[in-house]
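For ligands, and for the atoms within them, numbers begin at 1 and follow the listed sequence. What you see below is based on every heavy atom in this structure, not just the backbone, and it leaves out hydrogens, waters and symmetry mates. Numbering of residues begins at 1 and proceeds along the displayed sequence.
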Amino acid sequence: MNSPIANTAIPFDNSYARELPGFYAACQPASVPSPVLLFFNRGLAEELRLGLDGRDEAALANLFSGNTLPEGAEPIAQAYAGHQFGQFNPQLGDGRALLIGEVIDRHGRRRDIALKGSGRTPFSRRGDGKAAVGPMLREVLIGEAMHALGIPTTRALAVVATGEPVQRERTLPGAILTRVAASHLRVGTFQYFWAHGTPEMVRRLADYAIARHYPELLATEERYLGFLRAVAERQAALIARWMHAGFIHGVMNTDNMGIPGETIDFGPCAFMEAYDPRAVFSSIDEMGRYAYEEQPRIARWNLARLAETLLPLLAEDEGHAIALATGVIDDFVARYQQHWLAGLRAKLGLSGQVANGDAADTALGESWLDLLQAQRVDYTLAWRRLADAAAGNEAPLRALFAGQPGLDRWLQRWRERCAAEDAAAGEGSPAAARAERMRRVNPWLIPRNHRVEEALAAASDEGELAPFEQLLNALRRPYDEDLALARYAEPAPGAFMAEFRTFCGT
Ligand code: AMP
Ligand code: MG
């Protein structure tokens, strides 16, 4: 049965449904008993030009529960495969999500609008197709935090409580998330048509992805190799941003790596508190495959899986195709390193305009991280207090460290490096300007794990949304040190972090 159509027209232009028949299953959302709007992202709705201004909450709840789809919606479940923890699963797909349509936003960018938790699809396998309030609001908090930090990400448009219980380890209130993405094309989408389809289908998918995300390649000769290189480049930039923010995705399976280069799928993700390169919070990641420090290596591994699917498009001779692909994958390491170093310099307040070169700055950054690790210093606050130190106020930084000798030596090196740069530039009062620059790239406020859990528990267990809303507001201005929000900037207690686990697919 089709869902009733609301008398709301959204100017959809559904290129995926139109251009790629055979790459998805048309499917209607399940209807839900009593939809209640928990979250609506007005700013994003305006950016998407949805024209929903006059709608009341009940109408929005109906719309974003899938009960009354807007005119022009064409709900489809997309097919994809994926390597999950290194094991190839040829048959995943949208088991609890539906792409309802695409719009062109105010900046001329094509964006997907999708429901998550909207019921079973032909790809559901044994799953119920549902989602729960807590994890969907978690996706709002982390996605909006990432966005405010300036990190490419999918975003939440709405969350609706369905009024229906979902059965997990315990019974939880059900919810549907509306997610906005540059697209939902994944490495796993290519793997699906590589495993099940024909090289021709992979070519059609690649052509679609190129036209949508990398149109500058359309006029080039080796466009598929260029495509692989361009996807790798965006991943190199993205993972460097994650690393500098202390973000741990938690489930970097190939179906969770997006072709447009956005962060996608906020399941067991978390932000690091005390610096530990081995940090991993996901309850199911027992081997630490997706630990913080593994992320660049895993991204490269995932890109190699994408490359495999593209081989027939790269060259007729397989050996030659493999050589071309290997060149791009090997180059990823250097591309990532370059993005990481640029980000590191910004965090250290350095411009890079000094002759001592990349190796010295990399070593300076690494010994800073060694110090943080040795003394288990809070990652976010350490960087932020380094900005204070740049302005001449060292006490807050020193207060984060138990012992001082290593810190003194390191600060001395850093000051010399800053001085060398300032002498070359001949600036008047570089200290204040440096501190200001550093405060624009070193956030004061990240989603602290205990605050996130507290807000979600209140929403999910008690239907109390105020803590969620207050936290969300705080996360929208991560670079402003607003003392009224100090409780959100405090690290989680050590005892909390020792027990802290995140969960997948709930
Ligand atoms: P994820 O862990 O969210 O990346 O999901 C991995 C795969 O499992 C995807 O194909 C999802 O659509 C599917 N999946 C996760 N949860 C459910 C569910 N409750 N019902 C049906 N499919 C699900
Ligand atoms: Mg996923």
Side-chain angles (χ1 to χ4, degrees), residues 23-25 27-30 32 66 75-100 112 114-140 142-143 153-154 156 162 164-193 195-196 248-260 262-270 281-285 289-290 298-299 302 305 501-506:
F23 288 72
Y24 57 83
C27 182
Q28 294 293 317
V32 311
I76 59 173
Q78 291 178 312
Y80 56 86
H83 275 87
Q84 300 181 303
F85 291 89
Q87 293 291 322
F88 187 57
N89 187 334
Q91 180 77 35
L92 292 170
D94 286 331
R96 58 164 171 173
L98 291 172
L99 172 60
I100 63 166
D112 274 8
L115 303 178
K116 180 168 175 179
S118 50
R120 292 181 54 82
T121 77
F123 301 105
S124 294
R125 294 169 289 157
R126 275 164 309 195
D128 60 3
K130 309 284 184 183
V133 165
M136 296 305 102
L137 291 181
R138 193 162 198 280
E139 182 146 350
V140 176
I142 309 289
T153 182
T154 65
T162 59
E164 202 172 50
V166 296
Q167 214 47 58
R168 297 292 181 260
E169 272 174 21
R170 57 196 178 106
T171 305
L172 297 170
I176 294 174
L177 168 80
T178 304
R179 175 160 81 185
V180 174
S183 85
H184 286 80
L185 290 170
R186 309 146 190 268
V187 169
T189 320
F190 283 83
Q191 291 182 290
Y192 185 93
F193 295 98
H196 299 276
I248 304 163
H249 184 284
V251 60
M252 286 178 72
N253 294 335
T254 56
D255 52 303
N256 293 335
M257 181 184 268
I259 297 298
E262 290 180 332
T263 312
I264 184 166
D265 231 330
F266 299 98
C269 62
F281 299 113
S282 168
S283 62
I284 58 171
D285 191 1
R289 178 180 169 90
Y290 299 138
I298 290 291
N302 289 351
R305 305 289 77 74
R501 292 289 170 276
T502 57
F503 299 91
C504 223
T506 48

Taking heavy atoms and a distance under 4.0 Å, where does [X] meet ligand 1: side chain, backbone, both or neither?
X: Y80; result: side chain
X: N253; result: neither
X: D128; result: both

Listing request: all side chain to side chain donor-acceptor pair (under 3.5 Å) pairs with a residue in residues 182-193, at least two apart in sequence or in separate chains.
H83-Q191, D112-H184, R179-H184, S183-H213, Q191-T254
Which of the atoms of ligand 1 are close to [X], meaning less than 4.0 Å from one of its heavy atoms?
X: D255; value: 4 (O)
X: G93; value: 9 (C), 10 (O), 11 (C), 12 (O)
X: D265; value: 3 (O), 4 (O)
X: R168; value: 19 (N)
X: S124; value: 21 (C), 22 (N)

Under 2.8 Å from the Mg ion (ligand 2), which protein N/O/S atoms are there?
N256 OD1, D265 OD2
Yes or no on side-chain contact (heavy atoms from CB on, under 4.5 Å) for V166 and T171, after CA distance, side-chain angles and deciding distance?
CA-CA 6 Å; V166 296; T171 305; over 6 Å; no
Quick one: salt bridge (charged side-chain N to carboxylate O under 4.0 Å, His left out) partners of R126, sequence neighbours excluded?
none
side-chain contact (heavy atoms from CB on, under 4.5 Å) assessment of C27 paired with L98:
CA-CA 8 Å; C27 182; L98 291 172; 3.8 Å; yes
Do the side chains of K130 and S118 get nearer than 4.5 Å, heavy atoms only?
no
Any N or O of G129 closer than 3.5 Å to N or O of ligand 1:
yes
Would you check the N or O atoms of R125, main chain and side chain alike, for any that come under 3.5 Å of an N or O of ligand 1?
yes
Side chain of E139, backbone of D265: donor and acceptor closer than 3.5 Å?
no
I'd like to know if the side chain of D255 and the backbone of Q84 have a donor-acceptor N/O pair within less than 3.5 Å.
no
Looking at the rings of Y80 and F190, which for Trp means the six-membered one, are their centres under 6.0 Å apart?
no
Does the distance from a Lys or Arg side-chain N to an Asp or Glu carboxylate O, for R120 and D94, drop under 4.0 Å?
no
Contacts of type side-chain hydrogen bond (donor to acceptor under 3.5 Å, both in side chains), residue R305, not counting sequence neighbours
E308
